[in-house]
Asker: 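Got a structure for you, questions after.
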Protein chains: 2
Amino acid sequence: MSRVKVVDELCTLSLPAALLGERWTLLLLRQAFLGTRRFEDFQSAMDISRSVLTERLATFVDEGILRRVPYKDSRTRYEYRLTEKGLDLYPVLMALRKWGDKWMAPADGTSFDLHHKDCGGDVDVKVECTACGEGLGARDVRVTRLR
Amino acid sequence: MSRVKVVDELCTLSLPAALLGERWTLLLLRQAFLGTRRFEDFQSAMDISRSVLTERLATFVDEGILRRVPYKDSRTRYEYRLTEKGLDLYPVLMALRKWGDKWMAPADGTSFDLHHKDCGGDVDVKVECTACGEGLGARDVRVTRLR
DNA sequence: CAGCTAGGGTTCGGAATCCGAACTTTGGGG
DNA sequence: CCCCAAAGTTCGGATTCCGAACCCTAGCTG
């Protein structure tokens, strides 16, 4: 239950890593970004058991990543929508996808395309230096341990 | 075992999401990027059981994300180092950290700093359009489903 | 040379999670 | 009145995880 005590060292990387590195959470997020909002749709799109889905959705809701919004398809039901905090995970998913395109392409390609709404261009993710603007890889960065 | 049959739809996002969305994998990766290389060091830094650590390291090795390199501290031992494929996951971790800084700051901040080796500047991640160069968020992108 | 130590594992029993299938709840339609 | 849909809940069995102990081997230590 305590997704948090899973790390010795609590930092702004280990905390999200512990949350999103729990089974199903990344896949749930992917599904949410693809537009899925309802319980039944998540359940059939991913192949997750209903009980675990209930629990993961609840976790996301109380982490403030999804929000439970009523909609009426005759009577009151709820759907799950990304909050601002959730939408802000976009770069993470884009980085994952970019990596996947390069290193895990499953032969028959991907199942969806992404394009900039305004100009139709492709989406890219990059890491860069805020000072000199140069593009950065793991080797260009120095880690300084604190504490 | 089959981290792969966990998704209905195999794409370049769901595949990495299934791999990295397994318990411990993201945290293991973080640790690797922080410079940890040896079994014992992983084991004591994270609070993972030895048997699961063995298994996760093996998975990463046969996914080609880590590579097992002999080193001699008197006799032959092995350490785990990021491969090119592994290092290429850097943007994913940076995106996670950026999100963590904004949304999950644990009050006492983070445990390490990152700076561009050459100029000392800060590291940033951004999603942008390859055509017009504009910065993109989730709302600026259109998803087109294929198949 | 007997014994200890370090590093990197393996083994194993019990605890925590997950799965799948069935069941529940509530309002609307036929 | 019966059935359906959507969103859960329950529960027994299967998996996975945990923690602690054990294994193996070369090199020190005395």
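Note: hydrogens, waters and symmetry copies are ignored here, and every other heavy atom, side chains too, is used. Labels below follow one simple rule: chain letters A, B, ... track the order of the sequence lines, proteins then strands, and each chain is numbered from 1.
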Asker: When you check the phosphate oxygens OP1 and OP2 of C:dG9, does a side-chain N or O of B:Arg68 lie under 4.0 Å from one of them?
Answerer: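 Looking at the OP1 and OP2 atoms of C:dG9, one of them is under 4.0 Å from a side-chain N or O of B:Arg68.
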Asker: Determine: side-chain N/O of B:Tyr80 to OP1/OP2 of C:dG7, distance under 4.0 Å, yes or no.
Answerer: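 No, because none of the side-chain N or O atoms of B:Tyr80 sits under 4.0 Å from OP1 or OP2 of C:dG7.
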Asker: Please examine the side chains of B:Arg142 and A:Leu114, heavy atoms only from C-beta on, and report whether any two atoms are closer than 4.5 Å.
Answerer: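 A side-chain contact under 4.5 Å is absent here.
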Asker: Using the rule side-chain contact (heavy atoms from CB on, under 4.5 Å), only one of A:Met46, A:Gln43, A:Arg30, A:Gln31 pairs with A:Thr36; which is it?
Answerer: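 Considering A:Met46, A:Gln43, A:Arg30, A:Gln31, a side-chain contact (heavy atoms from CB on, under 4.5 Å) with A:Thr36 is found only for A:Gln31.
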Asker: By the 4.0 Å heavy-atom rule, please label B:Phe42 as base, sugar-phosphate, or nothing.
Answerer: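 B:Phe42: no heavy atom of the nucleic acid under 4.0 Å.
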Asker: Of the nucleotides D:dC18, C:dC19, D:dA7, which one has an atom closest to the side chain of A:Phe39?
Answerer: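 Looking only at side-chain atoms, A:Phe39 lies closest to D:dA7.
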Asker: Check whether any side-chain nitrogen or oxygen of A:Tyr71 sits under 4.0 Å from OP1 or OP2 of D:dA5, and answer yes or no.
Answerer: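 So the side chain of A:Tyr71 is outside the cut-off, no N or O lying under 4.0 Å from OP1 or OP2 of D:dA5.
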Asker: What pairs of residues pass the ring-ring contact (aromatic ring centres under 6.0 Å, His included) test when at least one of them lies in residues 30-57 of chain B, not counting sequence neighbours?
Answerer: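 For residues 30-57 of chain B: B:Phe33-B:Tyr90.
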Asker: Take atom NZ of B:Lys85 as the centre, draw a 6.0 Å sphere, and report whether it contains more than 12 heavy atoms from other residues, nucleotides or ligands.
Answerer: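 Buried by this count: over 12 neighbours within 6.0 Å.
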Asker: Which one, D:dC18, D:dA7, D:dC17, comes nearest to the side chain of B:Ser51?
Answerer: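 Within the option list, the nearest is D:dC18.
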Asker: Going by the rule salt bridge (Lys or Arg N to Asp or Glu O under 4.0 Å), which residues pair with A:Lys117 if we only count those two or more places apart in sequence or in a different chain?
Answerer: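 So A:Lys117 forms no salt bridge (Lys or Arg N to Asp or Glu O under 4.0 Å) with any residue.
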Asker: Rounding to a whole Å, what distance do you find between B:Arg37:CZ and C:dG8:P?
Answerer: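 Checked: the CZ to P distance equals 13 Å.
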Asker: Measure the distance from CD1 on A:Ile48 to C1' on C:dA21 and round it to the nearest whole Å.
Answerer: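 My rounded result for the distance is 16 Å.
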Asker: Provide, to the nearest angstrom, the distance between the CH2 atom belonging to B:Trp24 and the C1' atom belonging to D:dT16.
Answerer: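 Checked: the CH2 to C1' distance equals 13 Å.
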Asker: What's the CG-P distance between B:Leu53 and C:dT11, to the nearest Å?
Answerer: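 For the pair B:Leu53 CG and C:dT11 P, the rounded distance is 16 Å.
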Asker: Figure out the CD/P separation between B:Glu40 and C:dG7, and round it to whole Å.
Answerer: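 About 6 Å, once rounded to whole Å.
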Asker: Whole-Å distance between C:dA6 P and B:Gln43 CD?
Answerer: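 Rounding to the nearest Å, CD of B:Gln43 and P of C:dA6 are 15 Å apart.
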Asker: Does the side chain of B:Asp113 reach to within under 4.5 Å of the side chain of A:Val143, using non-hydrogen atoms?
Answerer: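 Counting from C-beta outward, B:Asp113 and A:Val143 never come under 4.5 Å.
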Asker: Would you tabulate the nitrogen or oxygen pairs shorter than 3.5 Å linking the protein to nucleotides 23-25 of chain C?
Answerer:
none

Asker: Provide, to the nearest angstrom, the distance between the CG atom belonging to A:Asp41 and the P atom belonging to D:dA5.
Answerer: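 Result: 14 Å.
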Asker: Within the structure, does a side-chain N or O atom of A:Arg38 lie under 4.0 Å from either OP1 or OP2 of D:dG8?
Answerer: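 Result: no.
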Asker: Classify the side-chain pair A:Asp101/B:Thr12 by whether it contains a donor and acceptor separated by less than 3.5 Å.
Answerer: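 Indeed, the side chains of A:Asp101 and B:Thr12 share at least one donor-acceptor pair under 3.5 Å.
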Asker: So, does B:Arg23 get its side chain near the phosphate of C:dT17, meaning an N or O under 4.0 Å from OP1 or OP2?
Answerer: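 No, outside the criterion.
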Asker: Please report the distance, rounded to the nearest Å, between CG in B:Leu27 and P in D:dC18.
Answerer: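 Taking CG of B:Leu27 and P of D:dC18, I get 11 Å after rounding.
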